[in-house]
Amino acid sequence: MLVMSTSPDVTGLNIHSIARARRTNPLRMAPNLLTLLRIFMAPFLVVAVMERRFALAFALFLVAATTDAMDGLLARWLSQRTMLGQYLDPVADKLMLSSLFLVLTRMGILEPRVAILVFGRDIGMLLTAVILYATTNLRDFHPSLLGKANSFSQVVAIGVVLLSLIYQQPWVATAKIVMVDATIFLTVASGFHYAWVASQRIGLATEADSSSSQDPGRR
């Protein structure tokens, strides 16, 4: 599943699996190879859409979604969860989905407001993460449940939009409207939730720094 996140959640990494991963080139591991394949597929998928070869684009998108589901499963089954994979996976997801939102909007297939909200949320989250990284000791910017739901809705929305271009059926048109509206709602909701969580964490970090500076025993 193409699950979009601002940064990896490394809290669940198993120490033994990391040790084994260090003895092997992470780029040669099956999960990371699948993630790299998804990255390399992104330009071909975009070109297929731009050339209006929508059947090919839909097929490539299904393959990409399958590789995303498989790399997570293989990482767990083979104990090959690596730091590289934790960073590459969201990059691959963002690259493909953001490109598709942009191209579909440019071609008039999607309304501009969808792409504006998606890009606005991602840019806002990226800037917030950079600020937190630079000004505090906060490093674990793992996605929330709302963020994961938003990523899933984006994947399904793009898939249904591509399907509607090659399979004109009432239920597909209805599904397209529902999923695009769901993506808009979840994009806004997850963006506000992320901003609220970030403000709470900044407040806690500031309080902790103030307490530390006022307590001579901690110096």
Side-chain angles (χ1 to χ4, degrees), residues 1-12 35 38 42 45 49 61-62 64-65 68-69 71-72 86-136 138-164 171-207:
M1 181 181 66
L2 292 167
V3 175
M4 304 186 178
S5 57
T6 56
S7 60
D9 176 11
V10 298
T11 57
T35 303
R38 194 160 72 257
L45 179 51
V49 173
F61 186 78
L62 288 181
D68 193 28
D71 63 20
Q86 293 287 314
Y87 280 96
L88 277 182
D89 189 63
V91 168
D93 295 343
K94 286 296 181 185
L95 176 64
M96 180 165 293
L97 287 174
S98 297
S99 299
L100 286 173
F101 273 110
L102 183 62
V103 170
L104 291 171
T105 301
R106 178 66 179 82
M107 295 175 66
I109 297 172
L110 279 176
E111 295 182 10
R113 60 173 180 160
V114 183
I116 291 173
L117 287 173
V118 169
F119 276 87
R121 170 187 176 273
D122 290 346
I123 292 174
M125 292 176 66
L126 177 61
L127 291 176
T128 302
V130 170
I131 293 172
L132 288 175
Y133 189 91
T135 60
T136 70
L138 301 175
R139 298 294 182 267
D140 54 329
F141 310 117
H142 53 275
S144 65
L145 184 60
L146 268 177
K148 293 179 180 180
N150 178 58
S151 298
F152 179 75
S153 71
Q154 289 185 14
V155 173
V156 178
I158 290 292
V160 174
V161 169
L162 292 176
L163 179 61
S164 69
W171 71 268
V172 178
T174 301
K176 173 184 173 181
I177 295 173
V178 171
M179 290 311 307
V180 170
D181 287 346
T183 297
I184 292 174
F185 172 77
L186 288 170
T187 297
V188 174
S190 60
F192 277 114
H193 180 260
Y194 184 87
W196 180 79
V197 171
S199 65
Q200 294 292 108
R201 298 180 69 186
I202 291 175
L204 291 175
T206 302
E207 290 178 4

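Remark: L95 engages I39, A42, S99 in a side-chain contact (heavy atoms from CB on, under 4.5 Å) (not counting sequence neighbours). Partners of R106 according to the salt bridge (charged side-chain N to carboxylate O under 4.0 Å, His left out) rule, which considers only residues two or more places apart in sequence or in another chain, do not exist here.
Each of I158, V49, V161, L163 was checked for a side-chain contact (heavy atoms from CB on, under 4.5 Å) with F61, and the lone residue meeting it is I158.
Atoms CD and CD1, on Q154 and I184 in that order, are 11.0 Å from each other to the nearest 0.5 Å. A distance of 11.0 Å separates CG of D181 from CG of L186, quoted to the nearest 0.5 Å. Distance check: H193 NE2 to L145 CG gives 8.5 Å after rounding to the nearest 0.5 Å. Residue F101 holds its CZ atom at 10.0 Å from CG of L117, rounded to the nearest 0.5 Å.
Here the shortest heavy-atom pairing between T105 and A115 reads OG1-CB, 3.3 Å. Between G191 and R121, the closest heavy-atom pair is N-NE, 4.0 Å. Between S98 and D122, the closest heavy-atom pair is OG-OD2, 4.2 Å.
In this structure a side-chain-to-backbone donor-acceptor pair under 3.5 Å is present from T183 to S153.
Among residue pairs with one or both ends in residues 107-118, those qualifying as side chain to side chain donor-acceptor pair (under 3.5 Å) are E111-R113; sequence neighbours excluded.
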